[in-house]
Structures are given as structure tokens and as C-alpha cells.
**Q** 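Pasting a structure here, questions to come.
Proteins get letters first, then strands, A, B, ... in listed order; numbering begins at 1 in each. Since we're looking at a predicted model, the values are computed, not measured.
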Amino acid sequence: MVDLRERSERVWGWLADVPDPEIPVISIVDLGIVREVNWHDDPAGAVCEVVITPTYSGCPATEVIGRSIEEALRERGVERVRLESRIAPAWTTDWLTSEGRRKLSEYGIAPPARRADGRQVIDISGLRRRTAEDAPAACPHCGSAHTEPISRHGSTPCKALHRCLDCREPFDYFKCH
Amino acid sequence: MLLDDKSVYLMRLGDNALVLSQRLSEWCGKGPAFEEDMALTNTALDLIGQARMWLSYAGEVEGRGRDEDALAFRRDSHEFTNLLLVEQPNGDYAHTLVRQFFFDVWHQLTLDALTRSSDDRIADIASKAIKEVAYHLRRSSDLVVRLGDGTAESRRRMQDAVDALWMYTGEMFKADETEELLGAQGLACDPSTLKDAWLAMVREVFAEATLTVPDSEWMQKGGKQGRHGEHLGLLLAEMQFLQRAYPNASW
């Protein structure tokens, strides 16, 4: 009998292979979507509970992610999976792993330029001030910090469009959230 | 009855997000620029996600077996309790933007207050939504300045939109018994307490945008009580068509 901790760690390892459906180069663990893995004893067989959190409220990938998790665990012989969605604390890009940031960058998406620092609530008086929010993202192609935003929104809720003023390439920026 | 008041209040929050999301979706594929098309539809997506969270909770609290879909697709316009502002037609881009800006400021202030709700689930939903809404407000306030302080044509259109939509802003701060009751209990926020902060933000942005804050005090009201104009009925006819024509259809 493998102890519970070891079993949970094995599940974390499997989930680290489940790609994000929108940005398949990183996994749902890299993204910080998986919050907890818990095993619950049950007379009918142990239940593996996976706690996930949505990135943006309306992100259509959330449902696909749930199905991918169930599939990945069933393939490895976990019969009983329970998914739990939790919205608090709210997802933040601070939960991106360093591995995830590296993979994003290699893929051509600039990772968030700063930390959200657990700030859940933004004071309205701060919204009009130009702050570190607008710090330029380093170009994932040539590394230059000489970049500018083109559009606050991109192809998915988590991205914005920027362009490099040195190599002239446009690139996706993973917004700080 | 407290439970009734709570579900009524939650439904208002959900209806605002849902109706504005539907309005913004009407721009999909028709935005004046590619970036604007993406911005409007991404904002609509955030709002539909927020609407689902509020309406699911409203249905649970109500306890009549109605889920988010039943509430969204099976109610008639007199049962919708959104603010009149959000059902106003898109009009030209100035109308869409000014409507968004007025709402975003109110939304940000409301959610900020709700993050301190005595009800944990309300506080959790608000804490999630406010991060998205802060982003909406950053964008809408920026664009109000760019177009207000833009060309003579863009400024004229923005001021026309401000003058036309102003009468729908009073309702946002007019508390009714439900809001007074829940506000006193710390569960919701009494909207009358937000008016000064809202006006201060609007004045600040309008000053930069060279737009004039109207001095008219006459305001429309009734949206929160289910008294809507003709526009909401037309919006719902399109949004609800499938579930009305083919009840329980799913894919």
C-alpha cells in the first residue's frame, strides 16, 4: 500500500503532463490551475479529489480542462475522480511556475512582467495612474525591453498584444493578473 | 423575507453582467478595428462568466430549482432586474464606450464593497470579478480620454453619448428596500454610498477628456424593479430564441 502522500505526488506528476487547451505548450500545473490533490478513503474505493480554479471567469477552457483531468487520471487507472472548482483565492499569474514562464517565453509569449503580489483588490484611485502596470514586457524573440503594447486584448482572455521596437516582431504578452 | 431579498439582489448583479455581455457580443465581427473587436468580446466573455457565478448562486438561494440557464433563458423582460443603462442599444461606438465607462466605474465600486460582504460566497465572487473589471475600467477610461480629447467629430459624438445616457445613471445609486436591508446587514452594499466616488471618477476622466458632465438631475428608474424599455425585449428575443423554440436543447 503506497501512502497517501506518495499517491498524491504521483497524481501531481500526471497532471503536469496535461496541457492547457489554449496554450498547449504549458501544463495546467504550470498555470497554477491545479490547487490541491486529495485522496479520500471510501468503502467503494479511494476517491481522488482534484481542486482546480478558473483563470478568468468566462474562460471557455475551464470545462475542457476538467474533462482532460478526468481522462488523464482514468488512463492511469484512477477510477474515481472528483473535480472541485474553487474561486477563492482568485487565480493570479503569480502562481505561474518558473518552468511555465520559461516555456511561455520559448514559445514566443512574453510572461507577466511583474508580480501581482497577491493584490486581490485594486483601488479605484490607482486606476488612472500610470504604474508598473505599463512596464514593457521583454521581447520573447530578441530579449529587447524596447517594446510597446498594441492591444490590451489578444486571442485569449489571458493575453495582450505587444510589439518589439528593435526586431519589429509582434508578440503575445501574458497579462499580469 | 431575507432569502428572497438575497436572491433578488444576486439576480440583479447577474442580470447586469448578462445583459451587458449580450450587448457587447453584438459587436462581434463588427468592431471598428480588430483590437476593439477583441476587446469588446473579451469583456463580454468576462461578464458572461461573472453572470454565471451570480445567477447560479441566485438560483440556489431562491430554492425553486432554477439554475443559471433557467434564469437566463426562461425569464421574461419584466423579470429581469438589470440597470436600464446596460440594456441601451450599442448605437455608435461613442455610445458603446460611454455606456461601458459609466457601468465600469459603478461596477468597480460595487464589487470593491462586496469583497467585504458578510457572505463568504458573495465576497469570493466579487474578489474574482473585480480583477477583471479593473482591467475593463482601465481600458474604458483610457478610450473616453482618447476619443473625448480627440478630433472635433469624435468629441461631438462622445458628448452626444454622454448627454443621451446620463439619465440612466441615477438609478445606479438609488437604493430600494432590498438594498437598504442587505446593506444594513453587511451582506450587500447600499448603492447610495457609492455616488460620490462614482462622480469623482467620472469628473476626473471627463476633465481630461474635455467632456462636460451634464447638470440635468432628471433620471430614469425602474430597471431593478423589472420595468424596462422596449430595448430589453428585443435583446432577450435574440438571446433566448433557441431555448424558447427548442426547450432544453443542449449540445
**Q** Which answer fits B/Val133, side chain, backbone, both or neither, if we ask what part of it has an atom under 4.5 Å from a heavy atom of chain A?
**A** neither

**Q** For A/Asp166, is the CG atom crowded, meaning more than 12 foreign heavy atoms sit under 6.0 Å from it?
**A** yes

**Q** Kindly check if the number of other-residue, nucleotide or ligand heavy atoms within 6.0 Å of NZ (A/Lys103) is above 12?
**A** yes

**Q** Anything in residues 19-38 of chain B with a heavy-atom distance to chain A below 4.5 Å? Please list those residues in order.
**A** B/Glu35, B/Met38

**Q** Just checking B/Arg146: does its CZ atom have more than 12 heavy atoms from other residues, nucleotides or ligands closer to it than 6.0 angstrom?
**A** no

**Q** Which residues in residues 118-125 of chain B have a heavy atom less than 4.5 Å from any heavy atom of chain A?
**A** B/Asp124, B/Ile125

**Q** For A/Arg101, check side-chain contact (heavy atoms from CB on, under 4.5 Å) against everything at least two apart and list the hits.
**A** A/Leu96, A/Pro111, A/Pro112

**Q** Checking an interface table here. Which of residues 47-63 of chain A come within a heavy-atom distance under 4.5 Å of chain B?
**A** A/Pro54, A/Thr55, A/Tyr56, A/Ser57, A/Gly58, A/Pro60, A/Glu63

**Q** So which atom in A/Ala90 and which in B/Ser127 form the shortest heavy-atom distance, rounded to 0.1 Å?
**A** CB-O, 4.1 Å

**Q** Are A/Arg152 and B/Asp142 close enough, and set up right, to give a side-chain contact (heavy atoms from CB on, under 4.5 Å), and what steps lead you there?
**A** CA-CA 11 Å; A/Arg152 284 175 185 270; B/Asp142 262 7; 2.6 Å; yes

**Q** Would you say B/Arg52 has more than 12 foreign heavy atoms packed within less than 6.0 Å of its CZ?
**A** no

**Q** Is it the side chain or the backbone of A/Leu161 that comes within 4.5 Å of chain B heavy atoms, both, or neither?
**A** side chain

**Q** Does CD in B/Glu238 sit with more than 12 non-hydrogen atoms of other residues, nucleotides or ligands closer than 6.0 Å?
**A** no

**Q** Measure B/Leu45 against the heavy atoms of chain A and call it side chain, backbone, both or neither at under 4.5 Å.
**A** both

**Q** So that I know where these two stand, are B/Tyr135 and A/His153 an aromatic pair - ring centroids less than 6.0 Å apart?
**A** yes

